[in-house]
Each structure stands twice: as C-alpha cells, then as structure tokens.
Amino acid sequence: MEFKFIPIDYDSFDFDGKNYIRLIGRTEKGEKICVVDSYEPNFWVILKNQDEKIAEKIAEKISKINIKSKGRESKVTKTKIQDKNFLGKKVKSIQVFVTNHKDAHEIASEIGDLKEIEARREYDIPLITKYIKEKKVEPLKWYTVKADNLGIEDFGGIADAISLDKCFYAKSIKEIEKDEKFEPKILAYDIETTDIELGKGDILMISLYGKNMKKVLTWKKITQTQEYVEIFKNQAEMIEKFAEYVNSYDPDILTGYFSDGFDLPYLKAASEKEKMKLLLGIDKKGPIFSRGRISSGKIAGIVHIDLYRFIDAVFSQYLQSETLGLGDVAQELIGEGKEKFDFDKLKDMKESDWKDFFSYNLQDAKVTYKLAEKIWPDIYEFTRIIKEPLFDITRDRMATHVENYLLHNLDRFNEIAEKRPLHEEMGSRRELGSYEGAFVLEPKPGLYEKIVIFDFTSFWPSIIVSYNLSRSTYREKNEKNTLEVNIEGSNKKYYFSKENGFFPEMLNEIINLRKKYKIEYSKNKNPLTKARSNAYKLLANASYGYQSFFGARYYCREAGASATAISRDFIKKTIEQIKEESHNVIYSDTDSIAFLQGKKTNKEIINLLEKINSNLPGIMELDLEDFYPRGLFVSKRSMTAGAKKKYALLSESGNFKIRGFETVRRDWCKLARNLQNEILISVLKDGNEKKALKVLREVVEKLKKREIKKEDLIIRTQLKRSIKDYISTGPHVVAAKKMEERGLHINPGMIIFYFIGENSTKGKKIGDKVYLPDEKAEYNIEYYLNNQVLPAVENIFEVFNVNVKEILEGHSQKKLF
DNA sequence: GCGGCGCTTATACC
DNA sequence: ACCGGTATAAGCGCCGC
C-alpha cells in the first residue's frame, strides 16, 4: 500500500528486545494513522589512528560483546568501519550497531577505554533524535510511504492497543519534493478549580474551544444557563466526558496556557482522587509526565502543547508584554484578553455569578485557541528547521534548539556528534566564572541634535563566522594556519584554525538563510514567511551564547571570550574612524555607535559608512540604523557620570525610542512611569524643559492633594523565588508574606502588587509601610514624591541645569504658609 | 540613633 | 540549570561611632 503521510508525533517501543519507532500523523485524506518504522540503533567508536588493520581488530573484538541487563539481552549486531570527522580531525571510526538503544551506553562502557580508542560517541543522543537524524523522516514534512497493514497481533498487538483505525509497518518512506502545507486540528482547553494547589480542590468546570467546538463542562447544578454549558452529575462524569470529547474530536494538538504546570496535572490528580482513569489519548492511558525542571504532560497520539512554555522559551523575545500571563500576551498578539471575574465571589456564588464564571472559562479557552492559531506559523517553522518533534519544539529552550539544529545537520559535514557534558563537567565549567564581555561607552549627559546611529548586522554571529571561532577549530597552541586572538589587558591568547569548522559554516548558512527569507518576507508578507525569517534570526542570535553555555555539547569558552575581545576591538576601532571624520561620538553599546551628524550631509554619512565597510573582514557589516533629530542622555543618580543603557531618541518619522528609563521598567509605579514618559516626549519635541516642568508641577500638586488614583501608585515586582529563600526582605517580599497570611497561594514567578502607605508607628523601613492594593490606607505622599516621582525626572531636568527639588520646595513652601 | 556602605535583588540593554 | 556579559538603582541590613 502507498500513501502520502505527514509525521506529527514520534515515540518508540520495544519488541523482541529491539527498538521500533511509532509515527503518528495524517494522510493526505486527513486520516490520523500510525506508521511503525524500524531503526538500527548505533553509536560510534573513534580510533586514535588511521590504521585499517587496527580498526578491523577492534571491530572484531567489539562485535562479540553481549550483555544482559534489565531482563534484556543486548548485543552488537554489526560493525562498520568508516572515515569520519570529529572536532576538526579526520578519524577512522567504527559504527557499532546494537540491538537496543537503551543498552548503547552500557555497551559503550563495556568496550571501555582501550588504548587504541580516542572516544565513544552518540550513545547519549535520544533515540527519536537519532532516528530522525539518520533516517531523515522529519516532522511536519510530507512523505510517500510504502507500507503493509499491521494486524492486531503484530508487534505484540500495538495496533490493537490504540484507537486509530489504520496502522502500518513501513517498507519505505520517501520525501515528497513538492511540500504541501499542513493545517493542524487544534483544540484548546482550560479548567477552573476551587483551589490553586494541585489536587487539593475540585475542578469546577472545563472549557473546550476549537472549530465547531465550544463547550463548558461542569457539575454545578444551575437551572438556567448558556447553551454551551453541559451539566454533569458529578466531577467524575465531567472529567470522563472531557476525555471522551477530546478523543472523539481527534485533534492534532491539544493546547492550554500553563497547562503543563496546572490544567493537565490537575486533571490527573482529580481523576486519581475520584479513583477513575483519565482516558485521554489514542491509547486511553492519559497523560504521562516527564521528570525535569518543569514536568511536561504527554498524551499519546495528541500533541499536548503548553503555549506558555513556547512563549517563555522562544517567542517572548518578540513581545512587549510586561508579564507572560495569558491576559497580557493574548491582548498583545490577538487584541483580545481575558474576561474579568472576581474570584472572591467563589465563597458565595449566585446563579448569575456562575454564568459569568462559565463565560470567563470559555473565553480563556477561546483566546488560548486564537493564540495557538497566531503562533502556529512560528511553531511550524521551528519544527521544520530544527527537525525535532512538535512536542519537544514547544518546550525546549534556545540552547537546546541550537544544539538540535547542529545535531540534525552534522551528517552533511560527515561529523560524529560530541557528547553531552556530565554533571561534574557542567559544574567545573560553571566554576570558571564569567569572562569579559562587550564594550559600553559612557555618554556625556545632554540633549543632542542630529544624531546618527550605525550598528553591526548580526554582530556576534558575524564575528564567529568571520574568525572561525568554535570548539572544533579551537587549538591549544599556535600551530601553522591558525589565527591568534589577543585578549587585551590579560595577556591571554587563544588560537583558532583557519580551516573552516562546521559550527561557523553552519552559522554562516543560517545567516544567509535569514537574509534570503527576510527578502522573501518583504516580497510576500505573510505569517509563514515572517516566522521563517524570524526563526533563523533567533537561531543565529542564540548561537554565540550557546558556545559559552555550560550545558552545551559544543561548549567553547575560549570562542566566547574571543568573540567578545574581537567585538571590543571592532567597536573601538570603528569609533576612532568616526572620530577621525571629526564627528562627536556620544554613545556606544556592544554593536552600535551614536554620533553627531554635525554639518555633514546624509550622503556624506553614507559615504563614511561605505568607507568603514570596505575595510571590514569576512562577513562583518556595518549598517545605518537611523537618523535621529534629537536625543537625550542623562547622568547616573547622584553622580555626574553619564548613565549607560539609558537614553531617549526622537526619530525622523516622529517615533520615540526610549531605553532603560523607568518608563520602560515594570517595577515602578504608573504615576512615575507615565510622568517620566510625558516629560521625555515633551523635552524631545520642544528641545527645552519649559512645558515639561509645568507637567511636573501639576502632577506634584495632585499628588500632594491626594488626587492620584491608587491604581497609578501600585508597584509591581516579580517574586523570583519562594519567600523563605530571601536573605533580604524587600517590599515585595513583605507584600508576598502578607498575601500568604491571608491564605493566598504564593509561588515563584508571581508578580506581587503593593503600594506604600502612611504608617507613623513603625520604623523607617519602606517594608513597614507596605500595603496590599485592597487595604485601606492613605498613600504615602513623601514616599511617592521622593522615591518615585522625583528620582524619575530629576536627572532629565538636570540636563537643563534645573534643580527640581529646589524649585518644588520653594513652590510648596509658598503654599504652606 | 544615625550615616555610610556593602550586599541583595529586580530589571533592563545588547 | 536549560544562551552570554554589562549596567542602573532601590532598599535592606550590618557596622562603627
């Protein structure tokens, strides 16, 4: 039988001690099917020298290995001597095939550290990754599959154990040249409970949202309610029906928001409490939770996606939202938020309150669904580019994405994969501490006119590519054909081979693909072309950090330290070149330089740019970021030195670019943020402080008359750890403690809301004046004036030689008397 | 009791 | 613990006087 097939989900099973891969996906007709594929697990033994005879001898020895473990007999099935590359060297290697991947590590250990052996590798790559890497059956790509039907007894009855109508055993799987698109069937869900703590309370309702699916399931007996509400006898029946609805809807993706951490484990815990089985998935076995820092809930045949995980790990870089909660993120991406519901009502619910609650619950599932649709192009592109299963793509962090991209592209370089560092190795890498990073030029405070900003395109990736910086090109000492990188001021020197390494080469490809797809996007603007271009951009940007990350297979601290040393050299030299053209360079941070245009024309500026570019090596490239008619730089608090990473610019198109100021910091109250924003805009527009000063005066007056809304005085600070772990009890920790005393559930990551009120009895600590938003207390005028409003605007006015404190005191004293 | 200062903590920039 | 370093700044908490 032959059909078109797109793999969506991957898992594996053993039969007769051997590994098989189970692919779940759709046919061109839209049927969800299962395809079982064989795989020959293997790993590599890398030899110290090229002698074929020795290789044969070792291979012979290895092929006799036979071990028994966990009731399984595992042996070497065959060996293959091959010429491969490993970390920049040509090596004679033996590919060792074994019966079961799970025993690869043990067999590798059994081979041991023979004197002829350099290294043993790839036994630590997960089975599914190895399978995709070697058989090239990649997720979300269309294939022509030739296969036999699986009978109910084949492979110990795996076809029988799942609810899919069609199961096959693959004879061949061939990629289809013309890749057709794929639109997944998505179902979103959300639950509401009586208690936030896992399993402590009951699930009151479950909402489901998808195409032709709009339901709220509950067991609350409400006489008259919305048509989408279905009422069940009890919690158990509600949960049972939920699983039934999900299974029969047959989605490719079941998605929730923070559902790995809440909805799915809660459903499982509630089922256990009800002594029932949660029959989710094609095997009706319910979710399986992986161990790890954050556990992930996997459902057979349905890809469970916690959108929060993907947004947190990958997508948040595009977002402006102050929190990554569903409300903020949905508002930003789809222009629709959560409904309001007062959870205090839960103690005493009227019928109409229940109706509101149902509606709230459904809305959450609805925005989750819309969010999933919105982000799908990015998930899809990431999956196809990185080539890992959808389930993992939506949970892995950037370092893992970079690493998986490398792993899946190594074959093109005939390269054997490096091993993953062990726990101790990671520990010693971390002990090395940090190395010197980028250069930041201190600005002179002032209001400047006609500013030009140049910046290097893809600075870190282009340095790594241009100088061939990587683990496999790193050399201990100065050999011939090596590049020497001096770490200035430390008399350290690092050496890198000039012969192209696979890492820089792959990175170069990524940069070129990014360029290509950026152009394609500009020609054909749609979410998919945009997502593709963005995915390559993110990959390129994360690759510098990857090499310095202690958990990386291709960790190379020397490459990281060299990249930053080269970056400092570049930016300083470029600053000098710009100065030579008699420009006043006012600021620089890492890869960008701001300078005054002076009397030069735009054309002359472009000429300067071209001149600098003509001398840049490799793929290094300086770009014109923009022209800015005005820009403001301020001093550090209570110091004359200029503040780095803090400035406000007015672009020619009339947009304001504000960086680092309290305006953009979420841990300042809105009063201070909005006022500062207004003052910055006013100063940049007018070129003087006159109007801004008036604005300040008005706000101060209002503040003193207690006319400011409490909402504008609320301070939001994230709780980064659990309360007991704090050495220093800051205001937000005091607020968190107060919340805990009220019986609220506090967990790390939460944003704590509080304000500072009057309190004459206690000490002078700010923490003694902390109140929760709903507490009745007068706001502390002195605090908001001296610790919020004035600090936010002082150094802006200082640029104009205006001391706001003196002015305001004079002003208020007149009023007082 | 008070000022100084180092440390802890959160957040931003690139 | 799940990409890096550079930087600002508030507020606590300890020390010495």
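Note on naming: letters A, B, ... go to the chains in the order of the sequence lines (proteins, then strands), and numbering restarts at 1 for each one.
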Residue whose closest nucleotide on DNA chain C lies nearer the 5' end, A:V440 versus A:A542: A:A542
Nucleotide nearest A:E436 when distance is taken to its side chain, options C:dC3, C:dT6, C:dA7: C:dT6
Minimum-distance pair of heavy atoms, taken over all atoms of A:T323 and A:V329: O-CG2, 4.0 Å
Nucleotide-resolved protein contact map, nucleotides 9-14 of chain B, B/S/- at heavy-atom distance under 4.0 Å: SBBSBS
Row check, A:F391 ring normal vs A:K298 NZ/CZ: under 6.0 Å, within 45°: yes
Sugar-phosphate only, base, or nothing, as touched by A:G437 at under 4.0 Å among non-hydrogen atoms: sugar-phosphate
NZ or CZ of A:K657 within 45° of A:Y628 ring axis and under 6.0 Å: no
Contact summary for A:S462 and A:T457, nearest pair of heavy atoms: OG-O, 3.6 Å
Partner residues of A:E794 under the side chain to side chain donor-acceptor pair (under 3.5 Å) criterion, sequence neighbours left out: none
Length of the line joining A:K537:NZ and C:dC3:C1', which is rounded to integer Å: 16 Å
Protein-nucleotide distance (A:E424, atom CD; C:dA1, atom P), rounded to Å: 15 Å
Distance, P atom - from C:dA1 to B:dT9, rounded to whole angstrom: 16 Å
Distance below 4.0 Å between A:K765 side-chain N/O and C:dG13 OP1 or OP2: yes
Results of ring pair (Phe, Tyr, Trp, His ring centres under 6.0 Å) for A:F262 - residues two or more places apart only: A:Y266
Presence of A:N787 side-chain N/O under 4.0 Å of C:dG11 phosphate oxygens OP1/OP2: yes
Distance, rounded to the nearest Å, where A:E662 contributes CD and C:dA10 contributes C1': 10 Å
Smallest separation among heavy atoms of A:G437 and A:R568, with atom names: O-NH1, 2.6 Å
Touch class at under 4.0 angstrom, heavy-atom based, for A:Y783 against every strand present: sugar-phosphate
A:P731 side chain, from C-beta outward: closest of C:dC12, C:dG5, C:dG4: C:dC12
A:Y555 OH - C:dA1 P separation (whole Å): 16 Å
Interatomic distance, A:Q547 CD vs C:dG5 C1' [rounded to whole Å]: 15 Å
Interatomic distance, A:Q676 CD vs C:dA9 C1' [rounded to whole Å]: 13 Å
Nearest-angstrom distance from the residue atom CE of A:M426 to P of C:dC3: 12 Å
Integer-rounded Å distance: C:dG5 P and A:I487 CD1: 14 Å
